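Keep in mind that this is a model prediction, so the values were computed, not measured.
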Amino acid sequence: MSSVAPTRNVLAILTDARPARYWPNTGLTPDAAPFMPNLMIGKDISPEPGLYVTATPIGNLADITYRAVAILKAADLILCEDTRQTAKLCAAYGIDTKRMPYHDHNASRVRPGILKNLAEGAVICLVSDAGTPLISDPGYKLVRDARDAGIRVFPVPGAAAAIAALSAAGAPSDQFHFAGFLPSKQGARKKLLDALAGIDATLIFYESASRLSPALAAMAESFGDRRGVVARELTKMHEEFREDTLLNLAQVYAEKPPKGEIVIVVFPPEAMAAGPEDIDAFLTDALTRMSVKEAATEAAQRLGISRKEAYSRALELKDGK
């Protein structure tokens, strides 16, 4: 990687940075107000040397901050998960900054050169295909190495699919756990879900469309049949939020496989305070009216425990233990 040129002052860039054309469903047109808010007028906002972890839209191209546009235009280099994907954003906002791929396959090879340029005073942006870098995307090692080398790392915040889904899902948001993508292998997936079952917080997952129904069914098996929300195609024209029990959602998407990018939001257990006595009392009563399997399923739904745990205890009670 060759040495970089001095960065440009971004004041003039902000003055006339406008979207290149109308974006559907945004109300944003080329006649919209300039991106530079009044509070920035007259201020020197030239970026300092360093690595800028820059959030980009997750779907709707209008969901980018004034600062992100300015930094991307003023930077010496943009590191992209996929240069073709980032090129669409750059074309929309007239960003002609040089782009270079940075992903899991080439990171170890190109990272030393990136760090060298940063040490020499470059302004470099790190972006992912969509959303905030490092959230289920490559980039952690670059940030870690930059910080270890004494290089400034600046967050340029913006869209993140997990937070966007949580904000509109209606699930408790005071505590949440982001688990990213589930393992592709069934055994590893079950092990992870079983470990997450005891967390008294809203759980957030990313998932591919092709694996959505099996993932929801596996969650129901480990968590009990809690409520969940499938958020699909966030900020895009066909955005969808569907709420139901995990088992019902699994059935819906088994019958009609979805398309698009997906976030799963799982509500926390409704009765984390239920102790062994509460579970035994519920199951003892349920077993007078239904089978072991049915009693375990209802206990999982009502008490927020896993079906496996409920079924095991129901068998013991049935046998008089």
Side-chain angles (χ1 to χ4, degrees), residues 1-21 23 35-36 45-147 149 151-161 235:
M1 184 186 301
S2 60
S3 296
V4 294
T7 55
R8 294 166 284 171
N9 188 295
V10 299
L11 188 59
I13 292 172
L14 277 168
T15 305
D16 60 4
R18 304 184 184 189
R21 58 187 176 88
W23 297 110
F35 275 121
M36 184 176 68
I45 50 176
S46 301
E48 297 179 44
L51 178 65
Y52 288 75
V53 183
T54 308
T56 56
I58 58 176
N60 193 315
L61 284 177
D63 292 337
I64 191 167
T65 67
Y66 305 138
R67 182 180 175 220
V69 171
I71 294 295
L72 288 168
K73 284 195 169 192
D76 303 300
L77 180 68
I78 302 174
L79 302 175
C80 314
E81 188 178 357
D82 185 333
T83 55
R84 296 167 298 181
Q85 189 69 19
T86 304
K88 300 174 185 177
L89 177 68
C90 290
Y93 288 97
I95 299 167
D96 59 7
T97 306
K98 179 182 176 182
R99 298 182 295 274
M100 188 184 87
Y102 180 81
H103 45 66
D104 287 337
H105 302 295
N106 74 344
S108 60
R109 175 172 54 83
V110 302
R111 192 160 52 245
I114 295 169
L115 292 168
K116 181 176 182 294
N117 274 343
L118 285 167
E120 293 173 351
V123 171
I124 297 179
C125 290
L126 174 68
V127 302
S128 65
D129 284 351
T132 302
L134 280 69
I135 308 300
S136 286
D137 285 308
Y140 159 74
K141 290 183 179 179
L142 177 59
V143 170
R144 182 67 267 164
D145 286 355
R147 290 182 60 84
I151 295 165
R152 293 286 302 277
V153 179
F154 303 89
V156 183
T235 76

Nearest 0.5 Å please: distance from the [atom1] atom of [X] over to the [atom2] atom of [Y].
X    : Y    : atom1 : atom2 : result
I124 : I78  : CD1   : CD1   : 11.0 Å
L118 : L142 : CG    : CG    : 7.0 Å
R99  : C90  : CZ    : SG    : 4.5 Å
D63  : T235 : CG    : OG1   : 5.0 Å
R111 : L115 : CZ    : CG    : 7.5 Å
T56  : Q85  : OG1   : CD    : 8.5 Å

Verify, without hydrogens or angle tests, whether [X] (side chain) and [Y] (backbone) share a donor-acceptor contact under 3.5 angstrom.
X    : Y    : result
D76  : A122 : no
D129 : D82  : yes
T132 : A159 : yes

Measuring only between side-chain heavy atoms, which start at C-beta, is [X] closer than 4.5 Å to [Y]?
X    : Y    : value
Y52  : R67  : yes
V69  : I64  : yes
T54  : P133 : no
V143 : R147 : yes
L79  : V127 : no
L72  : T97  : no
N117 : L77  : no
P101 : N106 : yes

Which heavy atom in [X] sits nearest to a heavy atom in [Y], and how many Å separate them?
X    : Y    : value
P157 : A55  : C-CB, 3.8 Å
H103 : E81  : CD2-O, 3.7 Å
P49  : F154 : O-CE1, 3.5 Å
K73  : Y93  : CE-O, 3.0 Å
V153 : A146 : CG2-CB, 4.0 Å
T86  : S128 : OG1-O, 4.5 Å

**Prompt:** Is the number of heavy atoms from other residues, nucleotides or ligands under 6.0 Å of R144 CZ greater than 12?
**Reply:**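 Count over threshold, so yes.
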
| task | Using salt bridge (Lys or Arg N to Asp or Glu O under 4.0 Å) as the criterion, list what pairs up with R109, not counting sequence neighbours. | result |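 R109 satisfies salt bridge (Lys or Arg N to Asp or Glu O under 4.0 Å) with no residue once adjacent residues are dropped.
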
Q | Verdict with supporting geometry, M100 and V110, side-chain contact (heavy atoms from CB on, under 4.5 Å) | A | CA-CA 10 Å; M100 188 184 87; V110 302; 4.2 Å; yes

